[in-house]
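The structure appears right after this line, and notes come after that.
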Amino acid sequence: MRVAIIFSFFVFFVNGNVFGSNTQNSLNIDKKETEIEDIRLEVNVMKGNYHDLLKRVIDNENTIELLENDKQYLTNEVENLKRQLSCEIEELHVITGEHQQDLNETNFDLDHSGHSFNKTVQELGYKVDVLETKLLCLERKNSEESLEEWNNKTEVVSVCTFETIEEENCVFYNDETGLDKRNWIRHLSSTKTCVTDPCRSMAGNYYMYTDNLNYLDNALLVSKILQQGVKLCLSFNYNFMYGPSSWILEVIASSSGNNRTIFTTSGIHSYQWFYKKLYIQPECNLQIMFNGIDTANYNYGKISLDNIMLFTGECGPQTFP
Ligand SMILES: [Ca+2]
Ligand SMILES: [Ca+2]
């Protein structure tokens, strides 16, 4: 019995040691395997990351290569453009130089031409002065001869009978420059009884009378500028037609804008025509004007003119119409 107990104890002891050691080892192995598996997984993850990184590196290298190629291409293009522009700038310099030379030559020619032109103008001016002096002398000589000749004989300068609208030898016309308010009107003789208007001409069928005027309105019949330095004789017929109006008729000698009244008459007359003859001294830029003025503001009665004659020389019997 005692042996059996010891044996059992021995078995228990041996089994307890052997089985305890084996369990511990198994746990260690499992732990190691787990660690190995973890490491393996980690390595796989790292491998995956490495592959991705490697792929990105390769992609970036490709991109860098492409960019470098582009850079090289652009660098080449820039170089080509530089060379091309350089050539064009050089050509422009050459062209500009040529144009500058042409311009200089043109300026030189112009200066030369201008000098020649000015010289020619001066020479022509001098010749013109000489010719003008000669012409002046000739004109003076002719003028003196002509004046003497004209003043020694009577010539008709102007004849205004008003029988036609246009009279070739009549130098008088209505002023249209604004010096007056109204016009003289060509009028046909009437067979009516003359009451308030003129009805018959002095001679022929037509005469001139003033338009209906307002108070102090006037009408000017003006001659052309007459020959200078010539004595003149003016003769005319006038009529203040009977009526309530009162009128002034002036004859003015205008010399270069200076007016000198050489005859004036006014009042109310009858149907009668009056005759007047005036000597006019030689003056420069002479114009003769008939100025009719209404001083009563009635639309009745008019001033009439007919047979205005202008002769050279002093008034004498030969100037009667
Ligand atoms: Ca007449
Ligand atoms: Ca007028």
Side-chain angles (χ1 to χ4, degrees), residues 28-143 166 173-181 183 222 224-225 227-228 254-258 284-285 287:
N28 288 337
I29 288 169
D30 289 341
K31 187 178 178 184
K32 291 293 180 188
E33 283 180 351
T34 301
E35 288 176 0
I36 288 169
E37 187 61 28
D38 290 342
I39 289 170
R40 185 175 289 123
L41 287 174
E42 194 173 346
V43 166
N44 285 336
V45 170
M46 289 177 70
K47 274 185 180 176
N49 289 340
Y50 172 75
H51 283 141
D52 288 343
L53 190 62
L54 188 62
K55 187 170 180 294
R56 284 171 61 191
V57 166
I58 291 170
D59 288 344
N60 285 339
E61 281 181 348
N62 288 336
T63 305
I64 288 169
E65 190 177 354
L66 288 172
L67 288 172
E68 282 182 344
N69 287 339
D70 288 347
K71 179 187 169 189
Q72 187 59 44
Y73 172 77
L74 290 173
T75 304
N76 291 339
E77 284 290 306
V78 168
E79 288 298 322
N80 286 336
L81 280 173
K82 276 184 181 175
R83 279 195 292 275
Q84 189 176 347
L85 285 174
S86 174
C87 291
E88 288 179 359
I89 288 170
E90 196 172 337
E91 281 180 21
L92 282 174
H93 279 154
V94 171
I95 292 170
T96 304
E98 288 174 358
H99 285 173
Q100 185 63 46
Q101 189 175 353
D102 291 345
L103 189 63
N104 291 339
E105 289 173 359
T106 305
N107 282 338
F108 176 78
D109 291 344
L110 280 174
D111 288 343
H112 185 68
S113 300
H115 180 69
S116 301
F117 179 74
N118 288 337
K119 192 178 175 186
T120 306
V121 168
Q122 284 178 353
E123 288 173 357
L124 284 173
Y126 173 74
K127 288 178 181 174
V128 167
D129 287 344
V130 170
L131 285 173
E132 279 183 346
T133 305
K134 287 182 179 176
L135 183 63
L136 205 60
C137 291
L138 282 172
E139 281 180 346
R140 190 174 298 160
K141 190 177 175 186
N142 286 339
S143 176
E166 296 286 338
Y173 58 93
N174 266 304
D175 177 75
E176 300 289 352
T177 65
L179 294 175
D180 61 0
K181 299 282 183 63
N183 279 335
V222 185
K224 297 175 182 174
I225 293 177
Q227 185 176 356
Q228 297 194 29
S254 177
S255 172
S256 302
N258 296 319
C284 295
N285 299 319
Q287 284 179 285

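Everything numeric here is computed off the predicted structure, so don't read it as measured data. Both backbone and side-chain heavy atoms feed into the values below; hydrogens, waters and symmetry mates do not.
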How far apart are the closest heavy atoms of Ile225 and Asn285, and which atoms are they? CG2-CA, 3.7 Å
Apply the test side chain to side chain contact (heavy atoms under 4.5 Å, CB included) to residues Glu105 and Asp102: give CA-CA distance (whole Å), side-chain angles for both, the deciding distance (0.1 Å), then the verdict. CA-CA 5 Å; Glu105 289 173 359; Asp102 291 345; 4.1 Å; yes
Measuring from Ile89:CD1 to Lys82:NZ, what's the distance to the nearest 0.5 Å? 11.5 Å
Does the side chain to side chain contact (heavy atoms under 4.5 Å, CB included) test come out yes or no for Glu33 and Ile29, once each step is laid out? CA-CA 6 Å; Glu33 283 180 351; Ile29 288 169; 3.8 Å; yes
Side chains of Glu65 and Asn69, donor plus acceptor under 3.5 Å: no
Measure the OG1-CD1 distance between Thr63 and Ile58 for me, rounded to the nearest 0.5 Å. 11.5 Å
Between Asp175 and Asn183 the two heavy atoms that sit nearest each other are O-OD1, 3.7 Å
Around atom CZ of Arg56, are there more than 12 heavy atoms from other residues, nucleotides or ligands closer than 6.0 Å? no
Salt bridge (charged side-chain N to carboxylate O under 4.0 Å, His left out) with Glu37: which residues, sequence neighbours excluded? Arg40
Mind listing the closest non-hydrogen atom pair of Tyr173 and Gln287 along with its distance? OH-NE2, 3.8 Å
Answer yes or no: are there more than 12 heavy-atom neighbours, outside Glu90 itself, under 6.0 Å from its atom CD? no
For Cys284 and Ser255, the nearest pair of non-hydrogen atoms, with its separation, is O-OG, 2.8 Å
What do the steps show when you test Val45 against Asn49 for side chain to side chain contact (heavy atoms under 4.5 Å, CB included), and what is the final call? CA-CA 6 Å; Val45 170; Asn49 289 340; 3.7 Å; yes
Let me see the working for Glu42 and Asp38 under side chain to side chain contact (heavy atoms under 4.5 Å, CB included), right down to the final yes or no. CA-CA 6 Å; Glu42 194 173 346; Asp38 290 342; 5.9 Å; no
Under a 4.5 Å cut-off applied to non-hydrogen side-chain atoms, are Glu77 and Tyr73 in contact? yes
Going from CG on Leu54 to NZ on Lys47, what distance comes out if it is rounded to the nearest 0.5 angstrom? 14.0 Å
Distance col, row Leu67:CG vs Leu74:CG, nearest 0.5 angstrom, shows 10.5 Å
CG of Asp59 to NZ of Lys55: how many Å apart, nearest 0.5 Å? 4.5 Å
To the nearest 0.5 Å, what is the distance between NE2 (His99) and CG (Leu92)? 10.0 Å
